[in-house]
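These notes are about the structure you will find just below.
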Amino acid sequence: MTVATPYFHSGSEIALLNGEYTDVFSLLGMHSINDGKALVVRCLLPGALSVDVLSAKDHRKVASLEHVNEQGLFAGKIARRVKPFQYLLRVKYPLCEQLIIDPYQFDSVLDPDDVYLFGEGSQLQTYHFQGANWRQHHGVTGVHFCVWAPNAKQVALIGDFNLWDKKRHVLRHHPGSGLWDIFIADVEPEQHYKYAICDMHGNEIIKSDPYAVAMQPSPHNASKIPKPEHYDWQDSDWLTDRASSQSHAQPMSIYEVQLASWRRTGDDGQDYTDYTQLIAELVPYVKEMGFTHLQLMPISEYPFDGSWGYQPVGLFAPTYRFGDANGLKAFIDECHQQGIAVLLDWVPAHFPRDPHGLVRFDGSCLYEHEDPRKGEHPDWDTLIYNYGRAEVRSFLYSNAYYWLDEFHFDGLRLDAVSSMLYLDYSRTADQWVPNEFGGRENLHAISFLQELNARMYQSFPGINMIAEESTAWPGVTQATSNNGLGFGFKWNMGWMNDTLRYISSDPLFRRYHHGELTFSLMYAFTEQFILSLSHDEVVHGKGSLLHKIPGDDWQKFATLRAYYGFMWSHPGKKLLFMGNEFAQRSEWNHDQSLDWHLLTYAPHQGVQDWVRDLNQCYQQYPALYQRDHNSDGFQWLDGNNADNNILVFCRFGINKQQPVVIVVNMSPQVYHDFRIGVPTDRDYVEIINSDHRHYGGSHVVNDEACETQATPWQGMPQSIVITVPPLGCCFWAPALDELDEPTA
């Protein structure tokens with residue numbers, strides 16, 4: 001029953017109790033009344049029996065509030081005071097008494113400049129004022145909560161700290177920006193919370209925080225108040241060196257890992273490996289194997305294990321599966337101290353429809369497009385960001401910045417860039433809307449990617465922005481100043497598809513597929529490429545790399561080793577998915593560990609040793625990486641020997657006197673007295689051979705240095721005569737004098 005009271009304007013009390021009063025801060029808290037001649041305090045505390053107002057300065061009681069109604073409204077005048085002051089509420093409940101710092105006494109902590117940049121679409125650190133951030137405000141320590149919901153009638157914070165009661169913490173509305181915020185002192189780290197949003201039609205929506213930096217596992221999916229922890233980084237030297245590095249002229253051999261299935265633990269082998277264990281096991285393994293980079297598949301919070309992280313809901317929250325944020329920082333820090341760069345798989349191309357996520361966040365299509373022809377992915381049943389909306393751009397820019405700044409990642413690999421670039425991606429003619437010029441290009445996505453790359457490279461010198469882009473879109477790795485997209489590297493999907501098709505054919509018929517090995521050199525220098533054999537090639541019935549290859553086990557292993565040799569000597573940086581380095585037999589299964597037991601068998605150990613030695617050789621000889629993206633770093637010696645399934649080519653670095661000559665034989669035939677041209681007149685030595693017995697081969701090797709003969713061959717002024725191993729690959733380099741070393 002409502003009692004008449006002088007403390008509320010007409011109808012305001014009813015509107016407040018019904019959740020229909022938007023400007024709650026103008027009503028609750030401490031306010032001047034009677035033309036500034038008196039103060040009134042109003043609060044809504046369901047279940048309370050009595051409320052006293054205490055001075056925050058000395059905890060002295062200054063007033064007892066009147067119990068306005070049974071729904072928890074209290075109000076009362078403050079005697080003998082006219083100037084607002086900080087206060088506490090002593091609240092008596094049936095079973096306890098609490099001392100509360102009333103959040104409605106505080107003004108907003110939002111900075112107008114931050115809000116302006118957010119609305120302009122150029123804010124890079126939105127997460128510093130949206131989400132849940134610890135703050136000191138008027139000498140009080142608490143958490144500032146802020147969320148963007150411009151079309152909501154009301155937004156309330158619900159959580160462990162208020163019995164999940166949407167009446168207790170209604171946020172302040174900022175109509176100009178669509179932001180809602182509140183500063184609360186009476187909360188603790190790791191308490192769960194969500195937003196209860198009342199949309200324009202009066203419907204209630206419960207959402208997790210888009211900017212939450214920690215989240216509860218499925219099925220509850222609540223956001224968590226962060227722990228106010230500091231991490232003491234030890235990688236300042238690494239970051240300094242990174243800023244001055246020229247990555248395109250450096251070796252880059254990437255080990256792609258899904259942390260959830262690299263190696264599991266526990267009695268049943270189903271426990272995730274945490275960051276402490278990964279520091280002890282994964283980091284030394286990557287270093288021992290000679291990989292220069294570690295690429296993590298998405299680790300932003302994702303409810304569904306089967307998405308592998310590619311349908312993230314908590315873009316700012318490192319997944320709970322492997323530990324907390326500081327654990328992730330310690331892992332990256334250790335990688336840096338061991339000389340390993342760390343890349344992150346980042347997903348700005350789409351987001352899932354999970355009801356606690358971004359979909360119709362405030363009852364309207366806020367992050368996505370209203371028109372499903374623009375806002376939905378038919379392939380994945382996911383939603384597409386509205387890249388033309390300024391606040392969405394700020395959200396995505398800030399997320400990229402967050403991972404690079406807070407966690408010191410050395411770059412981002414962007415998933416499914418092709419789906420961003422084309423309005424008709426995977427759509428029939430009636431399923432898409434042309435751009436303003438009638439074309440199929442997504443102009444908003446293009447400008448978003450250009451701005452993203454320009455800003456990240458400017459903010460973090462030495463990082464790498466990498467595109468998974470599967471079409472012939474021009475200028476993916478061209479500078480934005482030249483109208484390119486501004487990426488540092490692009491995955492070479494054409495090379496991957498062609499060469500996997502080649503090794504899947506029987507050696508008897510490979511002569512008819514020879515162009516699948518050589519065609520990539522027609523375009524190898526049009527972009528700055530990474531040769532990728534990623535997780536996508538060993539799932540969904542495609543079979544493992546080993547089982548793509550026909551023949552018996554000997555042929556399979558020999559061909560795979562030769563193929564890796566071709567990959568490591570081909571222009572372009574390298575990426576290999578976990579398990580491929582020891583020739584896992586089965587497809588990758590995200591629900592279990594890799595088949596590490598296979599390393600007890602010699603052929604698998606041989607492939608692992610071969611990859612390790614390839615990485616070592618690759619880094620030792622600058623000719624194999626310095627001129628990856630320049631045509632003068634590569635020369636065919638014989639690219640047309642289809643009948644014998646043989647390729648011969650030469651790689652050059654800056655120092656032309658230290659080339660590497662590569663011979664690849666994709667037939668099971670041994671070729672004796674095989675002449676190849678060489679660019680310098682020094683004796684040549686075989687520096688690595690995939691057919692060596694150590695790798696499980698038949699040991700057709702060239703143990704002795706080959707003397708250069710003055711016989712012109714394959715466009716070279718001199719040549720050597722070698723034995724070519726079956727289904728093998730061998731590298732040759734000029735013999736070094738005793739004090740000679742390859743020079744970078």
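All values below were derived from every heavy atom in this structure, side-chain atoms included, with hydrogens, water molecules and symmetry-related copies excluded. Since the structure is predicted, the reported quantities are computational estimates derived from the model, not experimental observations.
- Counting only distance, with no hydrogens or angles, the side chain of His201 and the backbone of Asn203 share no donor-acceptor pair below 3.5 Å.
- In this structure, the side chain of Asn34 does not engage the main chain of Lys37 through any donor-acceptor pair within 3.5 Å.
- Contact detail for Ala467 and Val417: the closest heavy-atom pair is CB-CG2, 4.0 Å.
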Quiz item: Between Asp235 and His408, does a side-chain hydrogen bond (donor to acceptor under 3.5 Å, both in side chains) hold up when you go through it step by step?
Solution: CA-CA 9 Å; Asp235 65 348; His408 293 199; 2.9 Å; yes

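- Phe361 is listed as a side-chain neighbour of Pro210, based on a closest heavy-atom distance under 4.5 Å.
- Listed by chain and number, the residues in a side chain to side chain contact (heavy atoms under 4.5 Å, CB included) with Asp160 are Trp164, Gln191, His192 (sequence neighbours excluded).
- A donor and an acceptor atom, one from each side chain of Arg135 and Thr141, are nowhere located under 3.5 Å apart.
- Two rings, from Phe316 and Tyr402, have their centers less than 6.0 Å apart.
- Under a cutoff of 6.0 Å and an axis angle of 45°, Lys329 and Phe407 form a cation-pi pair.
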Quiz item: Yes or no on side chain to side chain contact (heavy atoms under 4.5 Å, CB included) for Val170 and Val155, after CA distance, side-chain angles and deciding distance?
Solution: CA-CA 6 Å; Val170 177; Val155 178; over 6 Å; no

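- Under a 4.0 Å N-O distance rule, the pair Asp107/Arg172 does not qualify as a salt bridge.
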Exercise. Could you go through the side chain to side chain contact (heavy atoms under 4.5 Å, CB included) check for His31 and Arg42 one step at a time?
Key: CA-CA 8 Å; His31 296 277; Arg42 308 181 189 98; 3.7 Å; yes

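- A side-chain donor-acceptor contact under 3.5 Å links Ser300 to the backbone of Leu315.
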Practice problem: Could you check Phe25 against Tyr104 for ring pair (Phe, Tyr, Trp, His ring centres under 6.0 Å), going step by step and ending with a plain yes or no? | Solution: CA-CA 6 Å; Phe25 273 79; Tyr104 291 99; 4.7 Å; yes

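- Two residues are said to be in side-chain contact when any heavy atoms from C-beta on lie closer than 4.5 Å; Leu421 and Ile446 meet this criterion.
- Counting heavy-atom neighbours within 6.0 Å of Glu229 CD, excluding the residue itself, gives a total above 12.
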Quiz prompt | Test salt bridge (charged side-chain N to carboxylate O under 4.0 Å, His left out) applied to Arg353 and Asp381, step by step | solution = CA-CA 8 Å; Arg353 299 175 182 270; Asp381 192 30; 3.0 Å; yes

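- Between Ile197 and Asp362, the closest heavy-atom pair is CG2-CA, 4.1 Å.
- In this structure, His174 has its ring center no closer than 6.0 Å to that of Trp180.
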Self-check item: From CA spacing to verdict: side chain to side chain contact (heavy atoms under 4.5 Å, CB included), Leu65, Val41
Solution: CA-CA 8 Å; Leu65 302 185; Val41 173; 4.0 Å; yes

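- For Tyr116, the OH atom counts as loosely surrounded, since its 6.0 Å shell holds 12 or fewer non-hydrogen atoms of other residues, nucleotides or ligands.
- Annotation for His444: atom NE2 does not count as buried by contact number, only 12 or fewer foreign heavy atoms lying within 6.0 Å.
- In this structure, the ring of Tyr397 has its center less than 6.0 angstrom from the ring center of Phe448.
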Practice problem: Dump the intermediate steps for side chain to side chain contact (heavy atoms under 4.5 Å, CB included) on Tyr302 and Gln311, then the final yes or no. | Solution: CA-CA 6 Å; Tyr302 54 102; Gln311 293 195 15; 5.8 Å; no

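- Contact check for Ile384 versus Tyr387: side-chain heavy atoms found under the 4.5 Å cut-off.
- Residues Gln105 and Phe85 have side chains not in contact (no heavy-atom distance under 4.5 Å, counting atoms from C-beta outward).
- A salt bridge links Glu190 to Lys224: one of the charged nitrogens lies within less than 4.0 Å of a carboxylate oxygen.
- Here the side chain of Asp354 pairs no donor or acceptor atom with the backbone of His356 at under 3.5 angstrom.
- Ring centers of Phe145 and Tyr193: under 6.0 Å apart, within the cut-off.
- Lys153 and Asp199 are not joined by a salt bridge, as no carboxylate oxygen comes within less than 4.0 angstrom of a charged side-chain nitrogen.
- Two rings, from His144 and Phe183, have their centers 6.0 Å or more apart.
- When all heavy atoms of Ala400 and Leu412 are compared, the pair lying nearest together is CB-CD1, 3.7 Å.
- Between Tyr425 and His377, the ring planes are perpendicular. Angles over 60° get that label, and only those under 30° would be called parallel.
- In this structure, a donor-acceptor pair under 3.5 Å is absent between the side chains of Ser208 and Asn221.
- Of all non-hydrogen atoms in Gly363 and Ile205, the two that sit nearest each other are N-CD1, 3.4 Å.
- Between the side chains of Thr319 and Glu301, at least one donor N or O sits under 3.5 Å from an acceptor N or O.
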Practice problem: Let me see the working for Arg168 and Asp165 under salt bridge (charged side-chain N to carboxylate O under 4.0 Å, His left out), right down to the final yes or no. | Solution: CA-CA 6 Å; Arg168 294 175 183 263; Asp165 184 349; 3.3 Å; yes

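- Salt bridge Lys374/Glu368: absent, no basic N to carboxylate O contact under 4.0 Å.
- Ile463 and Tyr457 make their closest contact through O-CE2, 3.0 Å (heavy atoms, listed as atom of the first residue, atom of the second, distance).
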Exercise. Go through the steps for Gln154 and Thr22 under the test side-chain hydrogen bond (donor to acceptor under 3.5 Å, both in side chains), then give the verdict.
Key: CA-CA 6 Å; Gln154 189 179 85; Thr22 300; over 6 Å; no

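- At a threshold of 4.5 Å between non-hydrogen side-chain atoms, the residues Leu414 and Leu452 count as touching.
- The shortest side-chain heavy-atom distance between His138 and Phe106 falls under the 4.5 Å cut-off.
- By the 4.5 Å heavy-atom criterion applied to side chains, Ile466 and Leu343 are counted as neighbours.
- Using the six-membered ring where Trp is involved, Tyr385 and Phe395 have ring planes that are tilted, between 30° and 60° apart.
- Of all non-hydrogen atoms in Ala196 and Glu204, the two that sit nearest each other are CB-OE2, 4.5 Å.
- Annotation: Tyr401 is in aromatic contact with Phe460 [ring centroid separation under 6.0 Å].
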Quiz prompt | Test side-chain hydrogen bond (donor to acceptor under 3.5 Å, both in side chains) applied to Tyr127 and Asn133, step by step | solution = CA-CA 8 Å; Tyr127 55 92; Asn133 288 283; over 6 Å; no

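- The residue from Asn399, Leu404, Asp415 that alone fulfils the side-chain contact (heavy atoms from CB on, under 4.5 Å) condition with Trp346 is Asn399.
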Quiz item: Does the pair Arg393 and Ser447 meet the rule for a side-chain hydrogen bond (donor to acceptor under 3.5 Å, both in side chains), with working shown?
Solution: CA-CA 10 Å; Arg393 290 167 81 108; Ser447 66; 3.2 Å; yes

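- The shortest distance between side-chain heavy atoms of Glu66 and Lys77 does not fall below 4.5 Å.
- Aromatic pair Tyr367/Trp148: ring centres closer than 6.0 Å.
- Defined by atom type and a distance below 3.5 Å, a donor-acceptor pair is missing between the side-chain atoms of Ser223 and Asp209.
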